[in-house]
Amino acid sequence: MLLNITRENHTPLHQAERERDRLPPISSHSSSGLDRGPKLPYPSLNFISNHRKEDGSHSISSQFILPGIRHGRELPPICPNVRLKHQHQHRITVDNLPPDVRARFATDKVMPLRTKTVKEFQEDIERATVSGDWKHVHDFYLTTFGSFLELNAAFKKDASPLFNTIEDSGINTKFINAVYDALSLTPPDAQRAVLKGIINSLLREWKGSRRTKDDLRAYFILVQNPQCTSPATYVIYAHLLRQIAALAEADHYFLMHWFKKLSQKRFKQLVERLHLFISTRLFPVKPEELPPMAKCSWWIPSATKVLSLLNAANIISSTPILPFVDFYNPTLDHTDFMEDYRIWQTQGNSTRFTFCQFAFILSTVVKKAVIQKDSEQQMISMARQSLVDKVSRRQRVDMSLLFLNIKVRRLQLVSDSMDELTRNRADLKKKLKVSFVGEAGLDMGGLTKEWFLLLIRQIFHTDYGMFTFFNDSHCHWFSSWKCDNFSEFRLVGVLMGLAVYNSITLDISFPPCVYKKLLTPPVVPCDLDLPVGMATLTLDDLQQVMPDLSHGLAELLSYEGNVEEDFCTTFQVSQEELGVIKSYNLKPGGDKIPVTNQNRKEYVQLYVDFLLNKSIYRQFTTFYYGFHSVCASDALMLLRPEEVEILVCGSPNLDMSSLQKAAQYEGYSKTDPTIRAFWDVVLGFPLKFQKRLLHFSTGSDRVPVGGMADLNFKISKIDASTEWLPISHTCFNQICLPPYKNKKELKQKLTIAISNAEGFGLE
């Protein structure tokens with residue numbers, strides 16, 4: 001559909017301009033500053049009347065508008081020699097008119113009276129559907145969408161209140177929904193009438209600088225138009241988005257709060273509509289339907305900025321309206337996101353648009369790829385520097401210097417790992433290679449996975465004392481005991497950094513607030529005296545670590561009795577450290593300050609901050625610097641805490657059906673009896689054994705960011721006796737099966753193999 005609609009010349013604005021041209025001339029050669037040509041008396045209030053047009057709207061009789069009132073700012077100054085006090089005494093201005101008269105002038109928009117209800121509109125639709133006469137409905141759409149004033153008149157709850165608050169847009173949401181839902185049922189001419197009205201509205205408002213709340217309401221109404229899903233309307237939609245994106249920050253603040261009041265269904269439709277617009281502009285199915293990209297380069301930035309308002313509304317909502325992954329645009333996975341990242345790195349949040357400025361739209365797949373490529377570039381840079389240093393000193397070049405080589409004994413795994421990482425601190429950004437003393441395994445990735453798995457398992461064991469495991473929340477937390485050396489916490493941070501750097505997933509059960517703290521700040525500050533990891537955390541964060549304590553504090557906040565008398569609590573808390581109970585003041589003199597109804601919110605806030613920040617500050621600071629010593633990258637600024645968790649831990653949700661669909665075969669086909677028996681056994685395994693199988697074949701029981709398909713899982717046939725157990729090559733995510741005779745034999749052999757999958761050997 002190609003719309004070529006011109007602005008009509010009979011609008012009130014053009015009438016006012018024609019009347020201005022008929023005004024009596026202004027004398028510029030008067031002998032006195034008070035002589036200004038023919039003087040006009042104030043018009044009688046009876047003469048300033050509203051006239052109803054045929055379509056039911058109101059217009060102001062322009063023949064009685066005072067000269068110079070509407071367009072006075074566009075005229076040259078009158079008698080510049082007149083002193084200022086004379087101007088104030090004698091000049092006719094809007095300011096010295098009586099309020100009842102001033103309210104009638106064309107400078108103030110007079111809202112037409114609209115009384116149609118949802119029920120009446122629906123009855124109009126029903127009558128038109130039965131009779132086939134859509135004229136009344138057509139006129140309603142044409143008039144309503146013809147201007148911002150008419151939109152407010154139709155959909156504003158009440159014409160008199162201003163509704164200038166973020167809490168209430170003042171819009172009759174049910175009426176808007178009914179009008180838009182019925183639009184698809186109307187004839188094409190009614191739908192074109194809406195688009196024509198929107199064009200006229202946007203043309204009128206484009207040059208305006210100062211926006212009223214009624215203007216914001218009009219934008220809020222128009223952006224919900226369901227017609228904007230068709231490429232035929234994208235030119236109009238793009239101009240609407242451009243005007244919304246260009247609004248002042250204060251106006252965006254209002255829109256953001258109004259968006260969060262929408263129902264989940266309408267909110268999701270807005271998000272999906274914007275994603276479709278961006279995707280279609282990037283990769284149009286029919287390029288001839290859209291203008292050339294060179295002429296509409298502002299389309300995608302405008303749409304992305306409006307989408308950012310919806311994302312902000314989702315964030316500030318008490319409960320997120322949509323999961324954050326719904327703001328990902330998968331189409332961007334197929335763009336040159338590394339070039340986008342490079343521009344963002346060099347130019348930051350400058351006037352040049354990049355998707356990295358709006359990282360919420362980039363999927364975890366893109367962010368992982370950016371981090372991987374950024375890591376590879378840093379690895380290459382470190383390796384090159386090592387080679388240059390060797391050559392410049394005329395020393396023999398050993399290829400091992402290109403890697404971070406870790407050699408450990410299984411029985412002294414933690415101590416050997418700490419020594420190796422400390423000794424090779426300068427090489428942490430090289431490619432990781434692991435070898436176990438006394439074992440002939442070659443590390444093509446499998447030994448590295450094994451090292452991570454065993455090391456994490458030992459460090460996080462409760463007997464080791466570094467972390468406490470909470471059964472209620474099923475997560476680990478930092479032990480608050482105090483000591484002189486926290487180097488082992490640095491080791492854990494380095495391990496997590498190496499895992500992200502080398503694309504290894506770890507089986508770590510940290511609560512989400514740990515990843516918030518890791519990104520506070522996302523880049524290590526230059527001033528090492530500045531605090532790190534001190535995130536702003538709430539009772540909701542404590543709920544994910546210590547649910548029982550969080551519940552008790554929530555009850556304290558909601559208690560209706562006398563808190564001071566009934567709880568007998570002060571601003572002092574106690575906790576156990578290595579079997580010893582120690583007390584800490586939450587504020588100076590806290591042991592003498594009772595908790596009351598008035599200060600209980602402060603008490604809860606300080607208690608949460610103490611438990612999640614201050615009591616473990618030294619432990620977490622060491623952990624923070626360990627992580628960032630490896631993962632010092634601008635790409636971390638693109639990540640949400642939840643995304644860091646996914647990069648570190650992968651997904652614990654196994655979907656063996658997806659693995660079956662993505663599996664590759666060598667020597668077998670998916671219809672062979674052995675393969676069918678294999679999948680029957682695996683799909684029937686309990687979760688515990690499915691994790692063991694994944695660990696046996698890949699070296700990790702976690703699912704990577706891209707899902708099971710990213711594992712490149714392969715089942716190969718080996719010509720060996722059926723007495724053999726299955727063999728795995730974790731470096732290549734491969735499992736090798738002899739041609740077992742039946743399902744029972746396969747299950748028995750596979751169960752034995754996956755239950756004893758530790759250690760490496762060479763055939």
Side-chain angles (χ1 to χ4, degrees), residues 364-365 367-376 378-379 382 403-408 413-414 417-418 420-421 424 427-436 441-460 476 490-510 514-515 518 623 626-633 635-636 639 643-654 691-713 728-734 757-758 760:
T364 315
V365 173
K367 292 170 184 173
K368 179 187 177 183
V370 169
I371 289 176
Q372 282 181 334
K373 291 183 182 297
D374 197 39
S375 300
E376 289 169 3
Q378 293 185 44
M379 288 178 183
M382 288 293 296
F403 300 95
L404 168 60
N405 297 289
I406 303 293
K407 191 171 185 178
V408 295
L413 190 64
V414 176
S417 298
M418 285 188 63
E420 288 286 275
L421 291 174
N424 296 290
D427 297 332
L428 291 178
K429 293 196 174 185
K430 294 180 181 178
K431 181 69 176 175
L432 180 61
K433 291 277 186 184
V434 176
S435 61
F436 288 91
L442 296 177
D443 189 11
M444 301 296 289
L447 285 173
T448 297
K449 296 176 185 177
E450 175 82 356
W451 176 70
F452 274 113
L453 186 72
L454 297 178
L455 193 55
I456 290 296
R457 187 183 298 169
Q458 287 193 30
I459 289 175
F460 280 85
H476 288 94
R490 180 181 179 86
L491 170 63
V492 180
V494 170
L495 282 175
M496 281 184 54
L498 286 173
V500 173
Y501 204 66
N502 291 272
S503 302
I504 304 293
T505 54
L506 302 178
D507 187 10
I508 295 179
S509 301
F510 275 141
V514 167
Y515 303 99
L518 264 181
F623 170 78
F627 178 81
H628 286 274
S629 67
V630 185
C631 280
S633 171
L636 285 179
L639 298 175
E643 293 168 334
V644 178
E645 181 178 11
I646 293 173
L647 289 177
V648 172
C649 304
S651 172
N653 302 318
L654 302 188
K691 285 192 171 186
R692 285 182 181 178
L693 171 68
L694 201 61
H695 170 236
F696 171 72
S697 54
T698 69
S700 171
D701 62 358
R702 313 287 287 189
V703 182
V705 170
M708 290 292 198
D710 271 13
L711 287 175
N712 294 320
F713 181 69
S728 68
H729 301 290
T730 55
C731 307
F732 309 107
N733 298 335
Q734 182 179 16
E758 194 168 297
F760 283 77

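Using a 4.5 Å heavy-atom cutoff, the side chains of Glu450 and His695 are in contact. Between Met708 and Val703 the shortest side-chain heavy-atom distance falls below 4.5 Å. Looking only at side-chain heavy atoms (C-beta outward), Cys649 and Phe510 stay at 4.5 Å or farther from each other. Under the 4.5 Å side-chain criterion, counting only non-hydrogen atoms from C-beta, Val408 is not in contact with Leu455. Counting only heavy atoms from C-beta outward, the side chains of Leu432 and Phe403 never approach each other to under 4.5 Å. Contact annotation: the side chain of Ile508 never approaches that of Val514 to less than 4.5 Å [non-hydrogen atoms, C-beta and beyond]. By the 4.5 Å heavy-atom criterion applied to side chains, Thr505 and Phe452 are not counted as neighbours. Under the 4.5 Å side-chain criterion, counting only non-hydrogen atoms from C-beta, Tyr501 is not in contact with Leu428.
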Go through the steps to decide whether Ile459 and Leu495 satisfy the test side-chain contact (heavy atoms from CB on, under 4.5 Å), and finish with yes or no. CA-CA 11 Å; Ile459 289 175; Leu495 282 175; 3.9 Å; yes
Between Leu413 and Trp451, is the side-chain contact (heavy atoms from CB on, under 4.5 Å) condition met? List the steps. CA-CA 9 Å; Leu413 190 64; Trp451 176 70; 3.9 Å; yes
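One finds the CG atom of Leu647 at 9.0 Å from the CD atom of Gln372 (value rounded to the nearest 0.5 Å). Leu498 CG to Ser629 OG: the interatomic distance, rounded to the nearest 0.5 Å, is 7.5 Å. To the nearest 0.5 angstrom, Phe460 atom CZ is 8.5 Å from Leu506 atom CG. Expressed to the nearest 0.5 Å, how far CG of Leu421 lies from CG of Asp427 amounts to 11.0 Å. The OG atom of Ser503 sits 5.0 Å away from atom NZ of Lys368, with the distance rounded to the nearest 0.5 Å. To the nearest 0.5 Å, the span separating CZ on Arg457 from CG on Leu453 amounts to 4.5 Å.
When all heavy atoms are compared, the tightest approach of Ser728 to Ser697 is CB-CA, 4.0 Å. Summarising the geometry of Cys631 relative to Gly497, their closest heavy-atom pair is SG-O, 3.3 Å, with the distance given to 0.1 Å.
Within the 3.5 Å criterion, the main-chain N or O of Gly493 finds no donor-acceptor partner in the side chain of His628. Side-chain N or O atoms of Asn733 include one that pairs as donor or acceptor with a backbone N or O of Leu711 at under 3.5 Å. A donor-acceptor pair is defined here as one N or O able to donate and one able to accept, closer than 3.5 Å; such a pair exists between the side chain of Asn424 and the backbone of Glu420. Side-chain N or O atoms of Lys449 include one that pairs as donor or acceptor with a backbone N or O of Thr698 at under 3.5 Å.
A centroid separation of 6.0 Å or more is found between the aromatic rings of Phe627 and Tyr515.
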